[in-house]
Amino acid sequence: MLAAGVRSGLTETTHEGVIVISYADGSPIAWSGDVERPFYLRSSAKPFQAYVSQEAGAGLDPIELAQACASHRGFPMHVAMVKSILEGGGLDASHLRCPPDWPIGTAARDLLVASGEKHPQRRWHNCSGKHAGFLRACVAQGWPLETYLDPGHPLQRRIVEFVTELGEYDVQSVGVDGCGAPVLRTTARAMAKLYARLGSEERLGEVFTAMHRYPALIAANGEGDTEIAVATNSVAKGGAAGCLGIALDSGIGIAVKSWDGRGDIANIGGVAALESIGALSATALTALSDVESPPVFGGGRVVGVIEPRLDLEFA
């Protein structure tokens, strides 16, 4: 299985998960763990949700499309792009139905507090770009704006149908995500196929290009998925509870899920998976060293390191 071990001079702990590396037709390259165990895609679904919004007529330019794929950290550039998406449809932040929130990026949150902000806002929610894209699609189609998050809404039905078809797995909305949108289920096998097709299918090329061109909008500099896209010919998208999808421009997809819900463990597994198939140059490996083997701090100093331990089976 995927196992990321925390090693220090005193003890070791292990965090387990699952990895699948596959081609766009679903044929596996390598895998580790229970590849058919279902879990929620969470924000790793955003590239595909954004594609459906764009296909429905959202009319997003590349930088706006990248923001619709994002779990942004709430920096001014992120919030400005959300505003741009909304204004392009004659909308404003009052139309958003994601809950009011503070930025998930601590630096961005500190900036707002220092400027005198006292209350969370919907536009600062990390999913506000996705929601703005949803709304633009609804404006284009003449669909109801107030109910755009309902599972029975035409947009949400289209998303379920598309992601089910793309991954050949029934992702029917069986829950509600943290932002209020229907959350889609998957398996590591199906998720790897989704991301392989993101990196290889012409119809998804606009989404892939936008994400790869503007990786700092997808999360922020220093975040695992952003750093993977900067260092490689790929796009990557993390999701809550330890999900990570990677789409290589060669048409290979990687799905990682940490069973204890840790995003850092998923990032470690993603970089290790890339390394295992020779997808990292020496320069890229150096650039991603802190993502693959992040230090552990205690008492203000480094006391250990988290390191990958992969036990992959190859086809």
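Atom set for the values below is all heavy atoms of this structure, side chains included, hydrogens, waters and symmetry mates excluded.
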Is there a donor-acceptor contact under 3.5 Å from the side chain of [X] to the main chain of [Y]?
{"X": "E292", "Y": "L285", "value": "no"}
{"X": "E64", "Y": "D61", "value": "yes"}
{"X": "R109", "Y": "P103", "value": "yes"}
{"X": "E227", "Y": "L288", "value": "no"}
{"X": "T226", "Y": "P215", "value": "yes"}
{"X": "D92", "Y": "S94", "value": "yes"}
{"X": "K257", "Y": "P38", "value": "no"}
{"X": "S289", "Y": "T286", "value": "yes"}
{"X": "R136", "Y": "G59", "value": "yes"}
{"X": "T209", "Y": "G205", "value": "yes"}

Less than 4.5 Å apart, any side-chain heavy atom of [X] and any of [Y]?
{"X": "L149", "Y": "V176", "answer": "no"}
{"X": "H153", "Y": "P182", "answer": "no"}
{"X": "R37", "Y": "V18", "answer": "no"}
{"X": "E275", "Y": "L310", "answer": "no"}
{"X": "R123", "Y": "K83", "answer": "no"}
{"X": "S22", "Y": "R189", "answer": "no"}
{"X": "S293", "Y": "P308", "answer": "yes"}
{"X": "S276", "Y": "I21", "answer": "yes"}

Give, for atom [atom1] of [X] and atom [atom2] of [Y], the distance between the pair rounded to the nearest 0.5 Å.
{"X": "L111", "Y": "T106", "atom1": "CG", "atom2": "OG1", "result": "10.0 Å"}
{"X": "L135", "Y": "K130", "atom1": "CG", "atom2": "NZ", "result": "12.0 Å"}
{"X": "Q156", "Y": "Q49", "atom1": "CD", "atom2": "CD", "result": "7.0 Å"}
{"X": "I252", "Y": "L274", "atom1": "CD1", "atom2": "CG", "result": "9.5 Å"}
{"X": "L41", "Y": "D177", "atom1": "CG", "atom2": "CG", "result": "9.5 Å"}
{"X": "M211", "Y": "L65", "atom1": "CE", "atom2": "CG", "result": "9.0 Å"}

Can you pull out every side-chain hydrogen bond (donor to acceptor under 3.5 Å, both in side chains) where at least one residue sits in residues 228-244? Sequence neighbours excluded, please. S71-K237, T232-S234
For I218 and V235, what are the C-alpha separation, side-chain angles and deciding distance, and is it a side chain to side chain contact (heavy atoms under 4.5 Å, CB included)? CA-CA 9 Å; I218 302 305; V235 302; over 6 Å; no
Hits for ring pair (Phe, Tyr, Trp, His ring centres under 6.0 Å) against H131, two or more places apart or cross-chain, chain-then-number order -> F134, Y148
Does the pair E165/R203 count as a salt bridge with the N-to-O cut at 4.0 Å?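 Salt bridge: yes.
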Are any of the side-chain nitrogens in R262 or D264 under 4.0 Å away from the carboxylate oxygens of its partner?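 Looking at D264 together with R262, the answer is yes, because their closest N to O distance falls below 4.0 Å.
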Evaluate the criterion side chain to side chain contact (heavy atoms under 4.5 Å, CB included) for residue pair D110 and V113; output intermediate values, then yes/no. CA-CA 5 Å; D110 290 347; V113 172; 5.6 Å; no
Determine the minimum heavy-atom distance between [X] and [Y], stating which atoms define it.
{"X": "S53", "Y": "A137", "result": "O-CB, 3.5 Å"}
{"X": "S44", "Y": "G238", "result": "OG-C, 3.4 Å"}
{"X": "W31", "Y": "A315", "result": "CZ3-N, 3.8 Å"}
{"X": "G251", "Y": "S200", "result": "CA-CB, 3.7 Å"}
{"X": "I19", "Y": "A273", "result": "CG2-CB, 4.2 Å"}
{"X": "K46", "Y": "C69", "result": "CB-O, 3.4 Å"}

Mark yes when over 12 heavy atoms from residues, nucleotides or ligands other than F162 sit less than 6.0 Å from its CZ; otherwise mark no.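 Atom CZ in F162 is crowded, with more than 12 foreign heavy atoms closer than 6.0 Å.
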Step through the shown structure and confirm whether more than 12 heavy atoms of other residues, nucleotides or ligands are within 6.0 Å of CD on E168.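 No.
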State yes or no: are the ring centers of F208 and Y195 separated by less than 6.0 Å? no
In terms of hydrophobic clustering (I, L, V, M, F, W, Y; side-chain heavy atoms under 4.5 Å; direct or indirect links), are [X] and [Y] co-clustered?
{"X": "I277", "Y": "L312", "answer": "yes"}
{"X": "L217", "Y": "I246", "answer": "no"}
{"X": "V79", "Y": "M81", "answer": "no"}
{"X": "V160", "Y": "L198", "answer": "yes"}
{"X": "Y214", "Y": "Y51", "answer": "no"}

Evaluate the side chain to side chain contact (heavy atoms under 4.5 Å, CB included) criterion for residues I85 and Q67: first the C-alpha distance (whole Å), next the side-chain angles of each, then the deciding distance (0.1 Å), finally the verdict. CA-CA 9 Å; I85 296 171; Q67 195 65 84; 4.1 Å; yes
Using the rule side-chain hydrogen bond (donor to acceptor under 3.5 Å, both in side chains), only one of H72, R122, H78 pairs with S128; which is it?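 Output: one option passes, namely H72.
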Among residues two or more places apart or on two chains, list those pairs meeting ring-ring contact (aromatic ring centres under 6.0 Å, His included) that have a residue in residues 94-120.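 Listed once each, the pairs are W102-W124.
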Chi angles and distances behind the side chain to side chain contact (heavy atoms under 4.5 Å, CB included) call for T187, V20: CA-CA 10 Å; T187 65; V20 174; over 6 Å; no
